[in-house]
Novice: 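For reference, the structure I am asking about is given below.
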Amino acid sequence: MLLSEAVAAAVELRVVYVEPDAVDHPAVAAARRAGVAVREVQAGALGRVLDLVAPQSMVAVAVQRRTNLGDLLGAATQHGRPVLVLVEVQDPGNAGTLVRVAEASGCVGLVTTSASVDLHNPKTVRATAGSIFRLPIVERVTPDDLMSAAADAGVPLWATVADGGTAIHDADLAGAALLLVGSEAHGLPDGLLRAAHAHVSVPMEGAAESLNAAVAGAVVAFECARQRRSRSSTGPGG
């Protein structure tokens, strides 16, 4: 339940609108306890105003948390972890899943480029399953600004490519980096491919040509996490 996740993450909620059948829902009660205004509306009202096929009986208006690219790059360097970057990823389900992946795999945050889907549209928010409330996110960054900020911070770019890259198990993916995942239709643009310090690919068998953005991003992000844990366990005192 997204409302429960938002309350638990201390997201600033301005108001919750609720239909009669959900007035006593535990998530609504939690919002009331947190001091959020709750407004009851007529049955079916939310379905008429929300752009969702099967809306729930409650909806909240939340204030977006703000962070900036410099802070994310600083956190990546400090903690030796990647930032997941969605480059022109336009499918709401894939984008939302990648937000969940970024949190679950231990990325310090997530960035979207200017041509990517709005992470705060209802379909994408649902697909994040609450991770959007906890993960630092910077949206609508141009590729030029991304490359400039990475160069200033000394953070490398790792480009995921369908083929021709270093196999992820053979690449050194344990440290700070911007992990680039391209669009479903076109992959990564040439400028970012040329600027990337490394190209990495997921080894595949059979006749499949590629993985979709969410699957490819998940495989690479969790390989980063595996290498990070392995390095930590074999380091001094490990």
Side-chain angles (χ1 to χ4, degrees), residues 1-69 72 83-105 107-141 181 183-185 212-218 221:
M1 172 61 66
L2 286 173
L3 179 56
S4 298
E5 297 280 0
V7 172
V11 173
E12 183 181 349
L13 299 175
R14 290 180 175 170
V15 62
V16 176
Y17 295 102
V18 58
E19 295 182 358
D21 64 338
V23 167
D24 297 322
H25 193 283
V28 177
R32 285 197 179 97
R33 289 194 298 271
V36 180
V38 176
R39 304 281 185 262
E40 187 171 344
V41 298
Q42 294 179 345
L46 299 181
R48 292 192 291 272
V49 299
L50 297 177
D51 184 22
L52 292 171
V53 175
Q56 297 176 340
S57 298
M58 65 191 79
V59 64
V61 178
V63 177
Q64 293 184 22
R65 288 177 171 170
R66 299 294 183 183
T67 188
N68 61 66
L69 184 56
L72 281 189
V83 175
L84 189 60
V85 182
L86 279 55
V87 181
E88 300 179 9
V89 174
Q90 298 174 342
D91 180 83
N94 281 344
T97 298
L98 285 166
V99 174
R100 296 172 68 184
V101 164
E103 182 187 24
S105 63
C107 295
V108 297
L110 179 139
V111 173
T112 69
T113 63
S114 47
S116 295
V117 66
D118 178 9
L119 293 184
H120 293 88
N121 78 52
K123 293 180 181 178
T124 310
V125 170
R126 277 191 173 184
T128 71
S131 291
I132 195 170
F133 302 134
R134 297 180 293 268
L135 186 73
I137 292 173
V138 178
E139 292 190 81
R140 307 291 180 174
V141 178
V181 177
S183 74
E184 298 83 357
N212 75 13
V215 173

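Remember, it's a predicted structure, so these values are computed and weren't measured experimentally. Residue numbers count from 1 along this sequence.
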Novice: If I take atom CG from residue Leu3 and atom CG from residue Leu13, how far apart are they, to the nearest 0.5 angstrom?
Specialist: 6.5 Å
Novice: Please tabulate, for side-chain N and O atoms in residues 83-98, each donor-acceptor pair with protein atoms closer than 3.5 Å (sequence neighbours left out).
Specialist:
unit_1, atom_1, unit_2, atom_2, d
Gln90, NE2, Ala115, O, 3.4
Asp91, OD2, Gly93, N, 3.0
Asp91, OD2, Asn94, N, 2.8
Asn94, ND2, Glu184, OE2, 3.2
Thr97, OG1, Gly93, O, 2.8

Novice: Between Glu103 (side chain) and Arg134 (backbone), is there a donor-acceptor pair under 3.5 Å?
Specialist: no
Novice: Test your reading of the model: is there a side-chain donor-acceptor pair from Arg65 to the backbone of Pro136, 3.5 Å cut-off?
Specialist: no
Novice: Can you tell me how far NE2 of His120 sits from CD1 of Ile132, rounded to the nearest 0.5 angstrom?
Specialist: 4.0 Å
Novice: For the atom pair CZ (Arg48) and CD (Gln42), what is the distance rounded to the nearest 0.5 Å?
Specialist: 6.5 Å
Novice: Count the heavy atoms belonging to other residues, nucleotides or ligands that lie under 6.0 Å from CZ of Arg100, then report whether that count exceeds 12.
Specialist: no
Novice: State, to 0.1 Å, how close Val16 and Ala60 come at their nearest heavy-atom pair, and which atoms those are.
Specialist: CG2-CB, 3.9 Å
Novice: Rounded at 0.5 Å granularity, tell me how far OG1 in Thr113 sits from CZ in Arg140.
Specialist: 8.5 Å
Novice: How many angstroms lie between CG in Leu2 and OG1 in Thr128, if you round to the nearest 0.5 Å?
Specialist: 6.0 Å
Novice: Enumerate, atom names and distances included, each donor-acceptor pair closer than 3.5 Å involving a side-chain atom of residues 32-41, sequence neighbours excluded.
Specialist:
unit_1, atom_1, unit_2, atom_2, d
Arg32, NH1, Val23, O, 3.3

Novice: Assess the residue pair Leu110 and Glu139 against the criterion (side chain to side chain contact (heavy atoms under 4.5 Å, CB included)); give the C-alpha distance rounded to whole Å, side-chain angles, the decisive distance to 0.1 Å, and a yes or no.
Specialist: CA-CA 8 Å; Leu110 179 139; Glu139 292 190 81; over 6 Å; no
Novice: Got a sec, which pairs hit side-chain hydrogen bond (donor to acceptor under 3.5 Å, both in side chains) with one end in residues 13-24, sequence neighbours left out?
Specialist: Asp21-Ser57
Novice: Which pair of heavy atoms, one from Leu135 and one from Ala102, lies closest together, and at what distance?
Specialist: CD2-CB, 3.6 Å
Novice: What are the two closest heavy atoms between Ala62 and Val11, and how far apart are they?
Specialist: CB-CG1, 3.9 Å
Novice: Taking all non-hydrogen atoms of both residues, which atom of Leu72 and which atom of Gly109 are closest, and how far apart?
Specialist: CD2-CA, 3.9 Å
